[in-house]
Amino acid sequence: MMSDLIAPSLRRRMACWVYEGLLLFGVLFISGYLFSTLSQSRHALDNRHGLQAFLFLVIGIYFTWFGHKGQTLAMKTWHIRVVDAAGQAISQQRALIRYVLSWVWFIPPLAVIAPFSLSAGETIVLFLGWVAIWALLSRFHPQRQFWHDAIAGTRLVNSEPLNR
């Protein structure tokens with residue numbers, strides 16, 4: 001059964017990652033609108049930290065809920081499933097740990113960008129460079145998993161047989 005738990009190609013995982021971002025844009029847009037309406041914010045910087053905390057919570061609920069179910073909508077589209085090391089469904093606690101650890105995709109470039117006044121182009125290059133490095137580091141994992149998945153005790157696997 002462990003031989004059935006093959007990691008999807010890096011290209012498929014990254015395509016799923018980009019698609020996930022597009023879907024999350026809609027979720028965050030609606031959530032941000034709801035927060036701004038309920039808090040009666042009249043300016044984008046009003047309650048900025050409250051909005052950031054709220055959106056962090058919304059994304060956490062999204063990934064914890066769907067992680068526990070095994071797939072987000074993007075993962076269903078790309079036929080990818082998240083499982084534990086034994087190939088079983090993950091608990092909500094493990095899904096939450098995976099969510100928190102997945103911030104390694106964003107925290108390092110944000111930490112580097114914060115003290116400097118970088119242009120938009122420099123910021124994009126730095127961010128995309130880090131994403132490429134982090135994604136390519138999965139090539140060094142014995143099962144080709146992202147390192148935050150390995151630390152969280154989860155795996156991304158193909159959700160259907162590869163008989164195409």
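Numbers for residues simply follow the sequence, beginning at 1. Keep in mind the model is a prediction, meaning the values are calculated, not measured.
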_Show, in sequence, the C-alpha distance, side-chain angles and deciding distance for Trp134 and His148, and conclude whether the side chain to side chain contact (heavy atoms under 4.5 Å, CB included) test is met._
CA-CA 10 Å; Trp134 186 251; His148 69 277; 3.5 Å; yes
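- Ile133 is connected to Val18 through a chain of hydrophobic side-chain contacts under 4.5 Å among Ile, Leu, Val, Met, Phe, Trp and Tyr, so both are in one cluster.
- By the 30° and 60° cut-offs, the orientation of the rings of Trp103 relative to Tyr99 is perpendicular.
- Here Leu126 contributes atom CG and Leu118 contributes atom CG; the two are 7.0 Å apart, rounded to the nearest 0.5 Å.
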*Could you walk me through whether Met75 and Arg81 pass the side chain to side chain contact (heavy atoms under 4.5 Å, CB included) check?*
CA-CA 6 Å; Met75 293 168 86; Arg81 178 172 289 284; 5.6 Å; no
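- The two residues Leu10 and Ser138 have their closest heavy-atom pair at CD1-OG, 3.8 Å.
- Transitive grouping of hydrophobic side chains (ILVMFWY, heavy atoms separated by less than 4.5 Å) keeps Phe116 and Ile124 in distinct clusters.
- No path of Ile, Leu, Val, Met, Phe, Trp and Tyr side chains, each step under 4.5 Å between heavy atoms, connects Ile97 with Ile59, placing them in separate hydrophobic clusters.
- Using a 4.5 Å cut-off between side-chain heavy atoms of Ile, Leu, Val, Met, Phe, Trp and Tyr, with links allowed through other members, Phe127 and Met14 fall into the same hydrophobic cluster.
- Considering NE2 of His79 and CD of Gln71, their distance stands at 9.0 Å, rounded to 0.5 Å.
- Applying the ring pair (Phe, Tyr, Trp, His ring centres under 6.0 Å) criterion to Trp147, with sequence neighbours excluded, gives His141.
- Inter-residue side-chain proximity for Arg12 and Asn158 is flagged as met; some heavy-atom pair is nearer than 4.5 Å.
- Put simply, the side chain of Thr154 never gets that close to the backbone of Ala150: no donor and acceptor are under 3.5 Å apart.
- One distance of note links CZ of Arg48 with CG of Leu51; it measures 10.0 Å at 0.5 Å rounding.
- Applying the side-chain hydrogen bond (donor to acceptor under 3.5 Å, both in side chains) test to Arg13 and every residue at least two apart in sequence or in another chain returns nothing.
- Counting only heavy atoms from C-beta outward, the side chains of Leu23 and Thr72 never approach each other to under 4.5 Å.
- Hydrophobic cluster of Ile61: the remaining members, joined at side-chain heavy-atom separations below 4.5 Å, are Leu57, listed by chain and number.
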Which donor-acceptor pairs under 3.5 Å do the side chains of residues 104-113 make with protein atoms, sequence neighbours left out?
none

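- Within the 4.5 Å cutoff, side-chain heavy atoms of Arg98 are placed close to those of Val82.
- Using a 4.5 Å cut-off on side-chain heavy atoms (C-beta onward), Phe146 and Leu101 make no contact.
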*salt bridge (Lys or Arg N to Asp or Glu O under 4.0 Å) assessment of Asp84 paired with Arg155*: CA-CA 6 Å; Asp84 66 10; Arg155 298 177 62 184; over 6 Å; no
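- Partners of Tyr19 under the ring pair (Phe, Tyr, Trp, His ring centres under 6.0 Å) rule, at least two apart in sequence or in another chain, do not exist in this structure.
- Side chains of Ile80 and Val157 form no contact here, defined as non-hydrogen atoms less than 4.5 Å apart.
- The shortest side-chain heavy-atom distance between Glu20 and Phe63 falls under the 4.5 Å cut-off.
- Between Leu22 and Phe25, every side-chain heavy-atom pair lies at or beyond the 4.5 Å cut-off.
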Throw together a table of side-chain donor-acceptor distances under 3.5 angstrom for residues 30-39, partners on residues two or more places apart or in other chains.
{"unit_1": "Ser31", "atom_1": "OG", "unit_2": "Val27", "atom_2": "O", "d": "2.8"}
{"unit_1": "Ser36", "atom_1": "OG", "unit_2": "Gly32", "atom_2": "O", "d": "3.0"}
{"unit_1": "Thr37", "atom_1": "OG1", "unit_2": "Tyr33", "atom_2": "O", "d": "2.8"}
{"unit_1": "Ser39", "atom_1": "OG", "unit_2": "Phe35", "atom_2": "O", "d": "2.8"}
{"unit_1": "Ser39", "atom_1": "OG", "unit_2": "Ser41", "atom_2": "OG", "d": "2.8"}

_As a quick check of understanding, evaluate side chain to side chain contact (heavy atoms under 4.5 Å, CB included) for His43 and Asp46, giving each step before the final call._
CA-CA 5 Å; His43 189 275; Asp46 287 349; 3.6 Å; yes
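- Here the CH2-CZ distance, from Trp78 to Arg11, works out to 9.5 Å after rounding to the nearest 0.5 Å.
- Here the straight-line distance linking atom CZ of Arg94 with atom CG of Leu96 works out to 12.0 Å at 0.5 Å rounding.
- For the atom pair Gln145 CD and Leu156 CG, the distance stands at 5.5 Å (nearest 0.5 Å).
- The hydrophobic cluster containing Val125 does not contain Trp130, counting ILVMFWY residues as joined when their side-chain heavy atoms lie under 4.5 angstrom apart, directly or transitively.
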